[in-house]
Amino acid sequence: MDAGGWIEKALAGRWIAGPTIEDAIGKAKSLNRHHIRAILNYLGEAYNRKENVDKAVASILELMDAIGNSGVKADVAVKGTQLGMLLGWGALVGNYRRIVREGAKRGITVWLDMEEHKYVTKTVRLYLLVPRRGRTGICIQSYLKRSISDMKNVTRHGGMIRLVKGAYTEPESVAFQSREETTGNYYVLMDYLFRNSKRFTIATHDEAVVRKALELNKKYGRDVTYAMLNGIRGRLARELAQKGEKVSVYVPFGREWIPYSYRRLKEASNLKLVVRSIFERGL
Ligand SMILES: Cc1cc2nc3c(=O)[nH]c(=O)nc-3n(C[C@H](O)[C@H](O)[C@H](O)COP(=O)(O)OP(=O)(O)OC[C@H]3O[C@@H](n4cnc5c(N)ncnc54)[C@H](O)[C@@H]3O)c2cc1C
C-alpha cells in the first residue's frame with residue numbers, strides 16, 4: 001500500500017487484509033474462529049492489458065490452492081474486468097471457466113462481483129454461460145432499475161444471487177439516486193428472492209434490512225447467508241454468527257487497494273462513520 005493520504009491508508013488497513021495471499025488466509029482463519037466464512041477478493045479491475053489479466057488469473061488460482069491447502073472456510077470473488085472483459089469475450093470466458101472449474105474441485109464458491117452498469121449485461125451473460133457446477137454466484141445491485149429482470153433471469157436458470165445496494169456512481173437513466181429508493185428496491189428484490197430462490201446471500205450492513213430478512217425467513221425457511229464487508233459492522237456479523245445464522249465477510253487483499261477504498265470512503269458519507277470504521281473492533 002504505497003500511495004494515498006494517511007486517512008485513506010488507515011481505512012484501507014481496516015478494510016483490506018494486506019498485500020499477500022498469506023494475509024488473506026490469516027484473515028480467513030480469524031473469521032472462521034467466529035464461525036464466519038470469508039469471501040476472499042484479489043484486488044484488481046478494469047484491466048486493458050493482457051499481462052495484468054494473466055497475473056490476476058494466476059494469483060486467483062494460487063489463492064484457491066492456498067485455501068485448499070490451509071483448509072480455511074473461504075470462497076472467492078472475482079470481477080469480469082479483472083478476467084479480461086475489456087480485452088475480448090473468448091479470453092474472459094476461458095479465464096472464468098478455469099476459475100470455476102478449480103473452485104468446483106475444491107469446494108470453493110466463485111462469486112462474480114457486479115461492476116458499473118455498462119458491464120452488467122456481459123456479466124450476467126458470462127455467469128449463465130459457464131456451467132455452474134453448483135458452486136457459483138453472482139451479485140445483483142438494488143440501485144439498478146433493471147435488476148428485477150436480471151434477478152428473474154438468474155433465478156430461472158438456477159443461479160445463486162448475492163443482493164447488494166450497489167457501489168458505483170450511476171446516472172439517473174439506469175439507477176435510483178436516493179438511498180430511500182435504493183433501499184425500497186432492495187426490499188422488493190429481497191422479497192422476490194424469498195419467494196423464488198432456495199439459497200441466496202443478503203449482503204448489507206443495513207440493520208433494518210437484516211432484521212426484515214430474519215423475519216421473512218421464519219416464514220420461508222430459506223438457506224440464507226448474511227454478508228458484510230471486512231471492517232464494517234463487524235459486531236453485527238459476530239452477533240448473527242453467534243445466533244447460528246450463516247455469515248460471510250468479504251475480504252479484499254492485494255496491492256491495488258485504491259479504487260476499492262474510494263468506493264468505501266464515498267459510502268462512509270459522514271466523518272462519524274469514517275472514524276467508526278477506523279476504531280471499531282475488528283474480527
Ligand atoms: C459482501 C458484499 C459484497 C459486495 N459486492 C458488491 C459488488 O459486487 N458490487 C457492488 O456494486 N457493490 C458491492 N457491495 C457494496 C454494496 O453495494 C454497498 O455499496 C455497501 O454494502 C454499502 O451499502 P449497505 O447495504 O451497507 O447500505 P447503506 O445504506 O449504504 O449503509 C448501511 C449502514 O452501514 C454502515 N456503512 C455502510 N458503508 C460503510 C462504510 N464504508 N464505512 C462505515 N460504515 C458503513 C453505516 O452504518 C450505514 O448507515 C458489496 C457489499 C457486501 C456487503
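Remember, it's 1-based here, ligands and their atoms both numbered in the order they're listed.
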Self-check item: Sub-4.0 Å heavy-atom contact, Arg162 with ligand 1
Solution: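 Checking ligand 1 against Arg162, which is what was asked, there is a heavy-atom contact under 4.0 Å.
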Any chance [atom1] of [X] has more than 12 other-residue heavy atoms, nucleotides or ligands included, within less than 6.0 Å?
| X | atom1 | result |
| --- | --- | --- |
| Glu51 | CD | yes |
| Arg263 | CZ | yes |
| His35 | NE2 | no |

Quiz item: Should Glu267 and Lys165 count as an ion pair when the cut-off is N to O under 4.0 Å?
Solution: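 No salt bridge links Glu267 with Lys165.
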Quiz item: Are Glu215 and Lys212 close enough for a salt bridge, meaning some N to O gap below 4.0 Å?
Solution: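 The answer is yes: the pair qualifies as a salt bridge.
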Atoms of ligand 1, numbered as shown, that sit under 4.0 Å from any heavy atom of [X]:
| X | value |
| --- | --- |
| Ala203 | 1 (C), 2 (C), 52 (C), 53 (C) |
| Asp113 | 8 (O) |
| Met114 | 7 (C), 8 (O), 9 (N), 10 (C), 11 (O) |
| Arg233 | 47 (O) |
| Glu267 | 18 (C), 19 (O), 20 (C), 22 (C), 38 (N), 41 (N) |
| Gly166 | 11 (O), 16 (C), 17 (O), 19 (O) |
| Cys139 | 6 (C), 7 (C), 8 (O), 9 (N) |
| Tyr168 | 11 (O) |

Point-to-point distance, once rounded to the nearest 0.5 Å, from [atom1] of [X] to [atom2] of [Y]:
| X | Y | atom1 | atom2 | result |
| --- | --- | --- | --- | --- |
| Leu92 | Thr81 | CG | OG1 | 9.5 Å |
| Leu126 | Thr123 | CG | OG1 | 7.0 Å |
| Arg211 | Leu216 | CZ | CG | 13.0 Å |

Quiz prompt | Shortest non-hydrogen contact between Arg222 and Phe194, atoms and distance | solution =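 Shortest heavy-atom separation between Arg222 and Phe194 comes out as NE-O, 2.8 Å.
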Ignoring angles and geometry beyond distance, decide whether [X] reaches within less than 3.5 Å of ligand 1 through its nitrogen or oxygen atoms.
| X | result |
| --- | --- |
| Tyr143 | no |
| Tyr250 | no |
| Met228 | no |
| Leu265 | no |
| Arg264 | yes |
| Ile232 | no |

Quiz prompt | Ring geometry between Tyr260 and Tyr250 (parallel below 30°, tilted from 30 to 60°, perpendicular above 60°) | solution =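 Aromatic pair Tyr250/Tyr260 classed parallel.
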Quiz item: For atom 35 (C) of ligand 1, which of Arg263, Lys79, Glu170, His205 has the closest heavy atom?
Solution: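 Minimum heavy-atom distance to atom 35 (C) of ligand 1 goes to His205.
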Exercise. Report the member of Val249, Val209, Ile39, Thr204 with the shortest heavy-atom distance to atom 25 (O) of ligand 1.
Key: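 Result: the heavy atom closest to atom 25 (O) of ligand 1 is in Thr204.
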Quiz prompt | 4.5 Å side-chain heavy-atom contact, Lys55 and Tyr42 | solution =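 Side chain of Lys55 against side chain of Tyr42, heavy atoms only: contact under 4.5 Å found.
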Of the side chain and backbone of [X], name the one, both, or neither that has a heavy atom under 4.0 Å from an atom of ligand 1.
| X | result |
| --- | --- |
| Tyr186 | neither |
| Gln141 | side chain |
| Ala227 | both |

Exercise. Determine, stepwise, if the pair Arg146 / Thr121 fulfils side-chain hydrogen bond (donor to acceptor under 3.5 Å, both in side chains).
Key: CA-CA 10 Å; Arg146 61 176 283 170; Thr121 299; 2.9 Å; yes
